[in-house]
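Written out below as structure tokens is the structure these notes cover.
Just so it is clear, the model here is predicted, and its values are computed rather than measured. Below, read A as the first sequence line, B as the second, and so on, with proteins coming before strands; counting in each chain starts at 1.
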2 protein chains.
Amino acid sequence: MGQKKDNDPNHKGATDKAQAILKGAMQEFLVHGYVATSMERVAAAAGVSKPTLYSHFQDKESLFTALVQRLAQEKHGAIFHSPDSYLFQGEPSLVLRHLATLILDHLKGESQLLAFIRLIIGESGRFPELARIMVRNIDKPMIERLSQYFVSRPELQLSDPKTTAQIFIGALVHFVIIQEMLQSQDILPMERDRFINNLIALIVVDSAVPPK
Amino acid sequence: MGQKKDNDPNHKGATDKAQAILKGAMQEFLVHGYVATSMERVAAAAGVSKPTLYSHFQDKESLFTALVQRLAQEKHGAIFHSPDSYLFQGEPSLVLRHLATLILDHLKGESQLLAFIRLIIGESGRFPELARIMVRNIDKPMIERLSQYFVSRPELQLSDPKTTAQIFIGALVHFVIIQEMLQSQDILPMERDRFINNLIALIVVDSAVPPK
DNA sequence: GTCTATATTCAGATAGAC
DNA sequence: GTCTATCTGAATATAGAC
């Protein structure tokens, strides 16, 4: 029980309230976390009353789970979706710089995504399944797509493309966690381009890409 | 106000209750997070009553801040403290493998440290200063010590030791976050030794360490 | 100094009116 | 279907006894 629209396919307008609730829930959960978010405030942010909220979602945990699943699907491969056609064309060092810049910009720009990652990590003890959903929908696609690219460029002479991709993505994500999420730019100062250049230099060794 | 022992240096036994409270607070906060931890349960875990708790710490936020500062200092450079004398001796690839193993073992073994990092990340929106304390006491010392080692080994030909150190540590920390904290070993399967070997191979290039 | 007992506030969840 | 009003439990913090 919960959604009755599923029993009435002709009535598509019935999802408005559910959408509004999820939107309100997103605002509240992403800012205050799971425990500190009250159903009262979610209802207010969504412009509905509490009983309406509870008619769409069984309880707080169901609402939270539904929200995380929705966000994880929205963010699924969001980084590669827009310019996938020409992103992976050109010199490997340029491709990797473009890719790293895209990832950092995406994480910095969409503060929503940063808040989402913080929320999932913070609640990974309470909701381990939601943590796994995020990894499956965000981290894994990124790493696999990069690994796929590495495989397509044998001149890089990477003996283990998959692991190299995980190192590349992991270093970038950790960089964002330190600088943005933990707000420690002044404690561990590091310019973005300097970090990216060094990361690329570790993978694209000069001997592997001889000047043409 | 709060601690009166500071006004009475001769009375060293007075810290017992405060220690017990911090120990109880550690158990509760590390498991349940900030908001879900009740002062009632902290008092029970510490074996004291709530008024006693409030006589030592002004409020919940003060207790949490004191606990985090204490934990951050305890964990300060804990990874390097024990075997610092011989850890950095020998072939660079062996040193780095030893170091990486030490870091992973330390993060996996001390589940307390993992829970601490999860707690700080989860609360970094609410308590940004505590996040900065953790970075200053844990991440920064690790990176700086490794950077120092890189500088001492010019044969590695690292043009930017500091950034390379941050990449090395960042990749390791991210590996632990994915595998242990987010419990996604089966989603992004990766053997520890395989990861370490590839990470080291990126830094210790064959041409940089010629066979002797 | 430490406890029992309590004041106060607020959360999740629901009954019943319309 | 949606809302007003409310129940129930639990949390922070404290007053007052010993």
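Applying the side chain to side chain contact (heavy atoms under 4.5 Å, CB included) rule to A:Asp160 yields the partners A:Lys162, A:Thr163, B:Arg194, B:Asn198; only residues at least two apart in sequence or on another chain are considered. Checked against side chain to side chain donor-acceptor pair (under 3.5 Å), A:Glu129 has the following partners two or more places apart in sequence or in another chain: A:Arg132. Every residue meeting the ring-ring contact (aromatic ring centres under 6.0 Å, His included) condition with B:Tyr149, not counting sequence neighbours, appears here in chain and number order: B:Phe88.
Among pairs with a residue in residues 162-186 of chain A, those fulfilling ring-ring contact (aromatic ring centres under 6.0 Å, His included) read A:Phe175-A:Phe195, at least two apart in sequence or across chains. Among residue pairs with one or both ends in residues 20-35 of chain A, those qualifying as salt bridge (charged side-chain N to carboxylate O under 4.0 Å, His left out) are A:Glu28-A:Arg41; sequence neighbours excluded.
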**OP:** Go along nucleotides 11-18 of chain D 5' to 3' and tag each nucleotide: B for a protein heavy atom under 4.0 Å from its base, S when only backbone or sugar atoms are that close, - otherwise.
**Re:** SBBBB---
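The nearest pair of heavy atoms linking A:Ile133 to A:Ala72 is CG2-CB, 3.7 Å.
For C:dC3, one of the phosphate oxygens OP1 or OP2 lies less than 4.0 angstrom from a side-chain nitrogen or oxygen of B:Thr52. For A:His56 and D:dT2, the shortest distance from a side-chain N or O to OP1 or OP2 is below 4.0 Å. In this structure, A:Lys17 reaches the D:dT2 phosphate: one of its side-chain N or O atoms is under 4.0 Å from OP1 or OP2.
In this structure, CD of B:Glu28 is placed 15 Å from P of D:dA10, rounded to the nearest angstrom.
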